[in-house]
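Heads up, the thing below is written out as structure tokens.
In this text the structure is predicted, and so the values were computed from the model without any measurement. Order of appearance sets the numbers: ligands from 1, and atoms from 1 within every ligand. Heavy atoms only: backbone and side chains are in, while hydrogens, waters and symmetry mates are out.
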Amino acid sequence: MVVLAKPAALEQISLLRTPEPWETLSGVPAVDLSGPDAAGHVVRACERFGFFSVVNHGVPAGVVDRLEAEAVRFFASPQADKDASGPADPFGYGSKRIGRNGDMGWLEYLLLAIDRDALSRASPAPSSSALREAINEYVVAMRGLARTVLEMVAEGLGVSPRGALADMVTGEDGAASDQVFRLNHYPPCPLPLPPSCSVTGFGEHTDPQLVSILRSNGAAGLQVALHGDDGRWVSVPPNRDAFFVNVGDSLQVLTNGRLKSVRHRVVAGSGSGSGLKSRVSMIYFGGPPLAQRIAPLPQLLHGSSPLYREFTWGEYKKAAYRSRLADNRLAPFEEPLVAAAAHHHHHQHWS
Ligand SMILES: C=C1C[C@]23C[C@@]1(O)CC[C@H]2[C@@]12CC[C@H](O)[C@@](C)(C(=O)O1)[C@H]2[C@@H]3C(=O)O
Ligand SMILES: O=C(O)CCC(=O)C(=O)O
Ligand SMILES: [Fe+2]
């Protein structure tokens with residue numbers, strides 16, 4: 001029997017079994033934000049998948065293209081220049097290491113703090129002013145999109161006021177919300193791999209915030225786990241012109257589990273000279289102010305008990321940054337006594 005050794009450079013990066021052909025999520029809902037009943041479509045997509053794409057979003061292509069070009073330029077710059085904005089702790093330039101607890105992936109990235117509507121002066125920022133300006137312009141567009149999506153979620157769920165969720169992330173008054181922006185670059189992995197194996201680009205996880213808005217170039221790699229079906233993984237076909245919205249853990253709690261955060265991961269492309277493109281993605285993470293209390297909204301309880309105990313975003317974030325990527329970060333906040341009964345309730349509600 002031939003045992004293929006794992007190349008040394010991949011020592012700490014998990015390999016994933018990738019049965020070919022990958023099943024693609026042909027059913028990934030694409031919501032036309034300018035179409036009729038967009039709010040209803042958004043809520044149904046969030047309930048079924050915790051994930052959907054938006055088209056006719058009104059974000060000018062120029063804003064996206066400019067950032068993509070600057071991101072490509074940054075990642076192509078000399079390693080020493082990139083290292084000058086690192087190591088990521090958690091903000092700055094990082095390579096292969098994700099977070100502080102041993103997660104590794106075949107990628108490099110820039111993780112940046114956003115203060116209201118621009119890069120925070122308090123965290124390391126890239127030295128290129130063209131990149132900084134492109135990020136600032138893009139972040140303004142993402143705040144607008146996050147606001148629209150969260151207003152539609154509130155509207156579709158019957159939560160009032162309509163801005164109740166959106167204000168947590170993009171509210172103009174009160175404490176500044178906790179927004180993060182990330183550029184990820186996944187070069188194709190040039191090393192030989194055992195058959196039916198791929199390299200982990202970004203390991204499976206849910207995002208802790210309310211919503212994340214992701215955009216990538218035309219390179220594939222993103223996969224999401226279905227809520228039913230034993231969490232089967234499906235590939236998301238790339239779409240340069242769309243944005244992908246993830247429901248995060250905090251929105252799951254605020255809706256008392258009616259919307260569920262989506263587990264997702266990125267699989268790196270493999271094979272040198274195979275013509276595979278590098279994947280470049282840009283993700284805006286919409287979190288609330290640190291002191292924001294996160295608990296099921298009373299309006300959504302309809303007489304049933306809360307599935308989670310109240311916590312502040314600051315508390316949750318602290319716990320999240322102590323956890324591994326794949327951990328179930330919500331488990332310690334679940335209300336054990338009512339979980340079984342409520343599960344039954346939801347089950348009936350959905351079937
Ligand atoms: C391993 C980790 C990386 C992460 C912080 C954490 O300890 C667990 C959550 C991770 C995550 C996932 C979504 C976002 O990419 C991120 C910035 C976030 O807010 O939570 C990352 C964190 C990170 O890369 O530092
Ligand atoms: O890079 C991607 O496409 C997704 C990465 C991701 O899920 C994250 O950064 O939280
Ligand atoms: Fe993510």
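Applying the ring-ring contact (aromatic ring centres under 6.0 Å, His included) rule to Y284 yields no partners; only residues at least two apart in sequence or on another chain are considered. Residues satisfying the ring-ring contact (aromatic ring centres under 6.0 Å, His included) test with Y109, not counting sequence neighbours, are none.
Of all the N, O or S atoms in D207, the one closest to the Fe ion (ligand 3) is OD1.
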Starting from the N and O atoms of ligand 2, find every protein N or O within less than 3.5 Å and list the pair with its distance.
residue: ligand 2; atom: 1 (O); partner: N184; partner atom: ND2; Å: 2.9
residue: ligand 2; atom: 1 (O); partner: Y186; partner atom: OH; Å: 2.6
residue: ligand 2; atom: 1 (O); partner: S281; partner atom: OG; Å: 2.6
residue: ligand 2; atom: 3 (O); partner: R279; partner atom: NE; Å: 3.3
residue: ligand 2; atom: 3 (O); partner: R279; partner atom: NH2; Å: 2.7
residue: ligand 2; atom: 3 (O); partner: S281; partner atom: OG; Å: 3.4
residue: ligand 2; atom: 7 (O); partner: H205; partner atom: NE2; Å: 3.2
residue: ligand 2; atom: 7 (O); partner: H264; partner atom: NE2; Å: 3.0
residue: ligand 2; atom: 9 (O); partner: N184; partner atom: ND2; Å: 3.4
residue: ligand 2; atom: 10 (O); partner: H205; partner atom: NE2; Å: 3.1
residue: ligand 2; atom: 10 (O); partner: D207; partner atom: OD1; Å: 3.4

Show the distances, to 0.1 Å, for all pairs joining an N/O atom of ligand 1 and a protein N/O atom that are shorter than 3.5 Å, listing one pair per line.
residue: ligand 1; atom: 7 (O); partner: A320; partner atom: O; Å: 2.9
residue: ligand 1; atom: 7 (O); partner: S323; partner atom: O; Å: 3.0
residue: ligand 1; atom: 15 (O); partner: R182; partner atom: NH1; Å: 2.9
residue: ligand 1; atom: 19 (O); partner: Q209; partner atom: NE2; Å: 2.8
residue: ligand 1; atom: 19 (O); partner: Y321; partner atom: OH; Å: 3.3
residue: ligand 1; atom: 24 (O); partner: R182; partner atom: NH1; Å: 2.8

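Looking at R66 and E70, no side-chain N of the basic residue comes within less than 4.0 Å of a carboxylate O on the acidic one, giving no salt bridge. A salt bridge between D207 and R263 is absent, with no side-chain N of the basic residue lying under 4.0 Å from a carboxylate O of the acidic one. A salt bridge does not link R329 to E334: none of the charged side-chain nitrogens sits closer than 4.0 Å to a carboxylate oxygen.
No side-chain N or O of Q12 forms a donor-acceptor pair with one of R97 less than 3.5 Å apart. Between S261 and Q252, the side chains place a donor N or O and an acceptor N or O closer than 3.5 Å (distance only, hydrogens not considered). Neither side chain, R258 nor N256, offers a donor N or O lying under 3.5 Å from an acceptor on the other.
Angle NE2(H205) to the Fe ion (ligand 3) to NE2(H264): 90° [nearest 10 degrees].
Between Y138 and F243, the ring planes lie tilted relative to each other; the angle falls in the 30° to 60° range. Between Y93 and F74, the ring-plane angle classifies as perpendicular under the 30° and 60° cut-offs.
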